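Because the structure is a prediction, the values reported are computed rather than measured.
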Amino acid sequence: MIYLTILMAERVGLIIILAFLLVSVPLFRRLLFNQTISAKIQLTILFSIFAIMANMTGIEIDANNQLHNKIILTAISTNDSIVNARILGVSVAGIIGGPWVGSLVGLVAGVHRIIQGAPLQGWFYVPSSVLIGALSGFLYHDRKSYFKVMTPWHGFIVGILMESIQMLFILLFSPTGWALVKYIALPMILVNSLGTSIFLSIISMYLQEEELRAMQTHSVLQLTNETLPYFRQGLNKSSAQQVVKIIKKYTNFDAVSITDRQRILAHIGAGDDHHIPGNRLET
């Protein structure tokens, strides 16, 4: 089980690296703020690729719980199973894109899993993946703010829940049932839940940076809007005094000063005991 956990961590680590690279792509960043049908389709395609990659980089396990650590799994034996990070991709798709995106990605992921092998025994991967994608979307689909995404801790809890649902389907419908679940449940639930949390952390960090930029831009525009009437009066002591007060309000500067080439026109904040309007400039 420890060896399986390490192998799973390697697979999830690959998904996390791809997620980190993905956030640096402007197209994906725009999709995070876009709620159009076109954006939903693009997110579905993108996360479907993630889910398919998770299937293909999975770890094959036979009926005797022996691991076959292949690089790429294009097909598996009829009686074998796959330990993978498919549910991670489906869950994040639902969290980011909503229930419809999550459901469609789950459908693609489940169908691809059947194509890999065991079409008769593995039919349940389709409904389980679709259900998990839909539930992920319904559990948290808040678009009141473009800068909100599920917290990493909540993502970890959702990851545990979604993987547990997958384990339940395997237990009920897989030919190997309990023998398989008792061997793979803990590594898959733990590693994929951590992967979901880290994936969301990466996206959350980017969204926080965007929110900060938006707030700074708003502050600059607001500052410009309030100071412009005073600048139109010309650069003198009266207008400068009003301007430094406004600038001080919108910044975290210790002091704000406006001068001409020779004298101080206005000063507010630290040093106002000796930087007196009308005096000559002092360094």
Q: Applying the 4.5 Å side-chain criterion to the ILVMFWY set and letting contacts propagate, would Ile132 and Trp100 be lumped into a single cluster?
A: no
Q: When you compare the side chain of Val126 with that of Leu107, does any pair of heavy atoms fall below 4.5 Å?
A: yes
Q: Is there a donor-acceptor pair under 3.5 Å between the side chain of Arg11 and the backbone N or O of Thr57?
A: yes
Q: Enter the distance from Ile202:CD1 to Ser24:OG here, rounded to the nearest 0.5 Å.
A: 10.5 Å
Q: May I ask you to decide if the ring planes of Phe47 and Phe199 are parallel, tilted or perpendicular, using 30° and 60° as cut-offs?
A: tilted
Q: For Asp62, give me all partners under side chain to side chain donor-acceptor pair (under 3.5 Å), at least two apart in sequence or on another chain.
A: His68
Q: Assigning hydrophobic clusters by single linkage (Ile, Leu, Val, Met, Phe, Trp, Tyr; side-chain heavy-atom cutoff under 4.5 Å), is Ile49 placed with Leu21?
A: no
Q: Under 3.5 Å, is there a donor-acceptor pair linking the side chains of Gln242 and Ser238?
A: no
Q: I'd like to check Thr196 versus Met162 (side-chain heavy atoms, cut-off strictly below 4.5 Å). Are they in contact?
A: no
Q: Testing the basics here: between Gly106 and Ser129, what is the closest heavy-atom pair and its distance to 0.1 Å?
A: O-CB, 3.1 Å
Q: Between Gln116 (side chain only) and Leu73 (backbone N and O only), is there a donor and an acceptor less than 3.5 Å apart?
A: yes
Q: Could you check whether any side-chain heavy atom of Val12 comes within less than 4.5 Å of a side-chain heavy atom of Leu88, counting everything from C-beta outward?
A: yes
Q: Just so I know, are the side chains of Ile96 and Leu200 near enough to count as touching, which here means a heavy-atom distance under 4.5 Å?
A: yes
Q: Kindly give the heavy-atom pair with the smallest separation between Gly122 and Ile114, and that separation in Å.
A: O-CG1, 3.5 Å
Q: Can you find a pair of side-chain heavy atoms, one from Leu223 and one from Ile247, that are under 4.5 Å apart?
A: yes
Q: Just jot down the ring-ring contact (aromatic ring centres under 6.0 Å, His included) partners of Trp153, sequence neighbours excluded, or say none.
A: Phe156
Q: Same hydrophobic cluster for Ile17 and Leu7, using side-chain heavy-atom links shorter than 4.5 Å among ILVMFWY?
A: no
Q: Can you tell me if Tyr230 has over 12 outside heavy atoms packed within less than 6.0 Å of its OH?
A: no
Q: Test of understanding: clusters of I, L, V, M, F, W, Y form through side-chain heavy atoms closer than 4.5 Å, transitively. Do Val243 and Ile264 belong to the same one?
A: no
Q: Backbone N or O of Val101 within a donor-acceptor pair of the Lys40 side chain at under 3.5 Å?
A: no
Q: Which pair of non-hydrogen atoms, one from Glu60 and one from Ile76, has the smallest distance, and what is that distance?
A: OE2-CB, 3.7 Å
Q: Tell me the closest heavy-atom pair linking Ala255 and Ala270, and the distance in Å.
A: CB-O, 3.4 Å
Q: Considering non-hydrogen atoms only, spot the tightest contact between Ser201 and Pro152 and give its length.
A: OG-CG, 3.0 Å
Q: Taking only residues two or more places apart in sequence, or in another chain, which ones meet Ile52 in a side chain to side chain contact (heavy atoms under 4.5 Å, CB included)?
A: Met56, Val108, His112
Q: Which distance, rounded to the nearest 0.5 Å, do you find between the CG of Asn84 and the CD1 of Ile61?
A: 11.5 Å
Q: With side-chain contact (heavy atoms from CB on, under 4.5 Å) as the test, would you mind laying out the steps for Glu226 and Gln222 before giving the verdict?
A: CA-CA 6 Å; Glu226 292 191 27; Gln222 192 71 20; 3.6 Å; yes
Q: Can you find a pair of side-chain heavy atoms, one from Ser48 and one from Leu104, that are under 4.5 Å apart?
A: no
Q: Report the distance from atom OG of Ser91 to atom CG of Asn192, rounding to the nearest 0.5 Å.
A: 8.0 Å
Q: With sequence neighbours left out, write down each residue that passes side chain to side chain contact (heavy atoms under 4.5 Å, CB included) with Val244, or none if nothing qualifies.
A: Gln241, Val256, Ile258, Ala266, Ile268
Q: Check this for me: Leu228, atom CG, are more than 12 non-hydrogen atoms of other residues, nucleotides or ligands nearer than 6.0 Å?
A: yes
Q: Do the side chains of Leu161 and Ile157 get nearer than 4.5 Å, heavy atoms only?
A: no
Q: Checking side-chain polar atoms at under 3.5 Å, does Arg86 have a donor or acceptor matched by the opposite partner on Asn55?
A: yes
Q: Is it the case that over 12 heavy atoms from other parts of the model lie below 6.0 angstrom from the CZ atom of Phe169?
A: yes
Q: Hey, are the side chains of Thr151 and Ser204 touching, using non-hydrogen atoms and a 4.5 Å cut-off?
A: no
Q: Is it possible for you to say whether Leu190 and Tyr3 belong to one hydrophobic cluster, with membership spreading through side-chain heavy-atom contacts below 4.5 Å?
A: yes
Q: Of all residues at least two apart in sequence or in a different chain, which pass the side chain to side chain donor-acceptor pair (under 3.5 Å) check with Ser128?
A: Gln166
Q: Step by step, work out the side-chain contact (heavy atoms from CB on, under 4.5 Å) result for Thr224 and Val220.
A: CA-CA 6 Å; Thr224 302; Val220 169; 4.2 Å; yes
Q: What's the verdict on side-chain contact (heavy atoms from CB on, under 4.5 Å) for Gln42 and Leu27, showing C-alpha distance, side-chain angles and the deciding distance?
A: CA-CA 10 Å; Gln42 292 178 71; Leu27 175 61; 3.7 Å; yes
Q: If you measure from CG on Leu168 to CD on Glu163, what distance do you get to the nearest 0.5 Å?
A: 12.5 Å
Q: Return the minimal non-hydrogen interatomic distance between Phe28 and Ile203, and the atom names on each side.
A: CZ-CD1, 4.4 Å
Q: Does Leu265 offer a backbone N or O that forms a donor-acceptor pair with the side chain of Asn236 under 3.5 Å?
A: no
Q: For Ile6, give me all partners under side chain to side chain contact (heavy atoms under 4.5 Å, CB included), at least two apart in sequence or on another chain.
A: Ile2, Glu10
Q: Evaluate Val92 against Phe50 for side-chain contact (heavy atoms from CB on, under 4.5 Å), listing each step before the verdict.
A: CA-CA 10 Å; Val92 174; Phe50 265 81; over 6 Å; no
Q: Return the OG1 to CE distance between Thr5 and Met8, rounded to the nearest 0.5 Å.
A: 8.5 Å
Q: Return the OG to CD1 distance between Ser197 and Ile16, rounded to the nearest 0.5 Å.
A: 9.0 Å
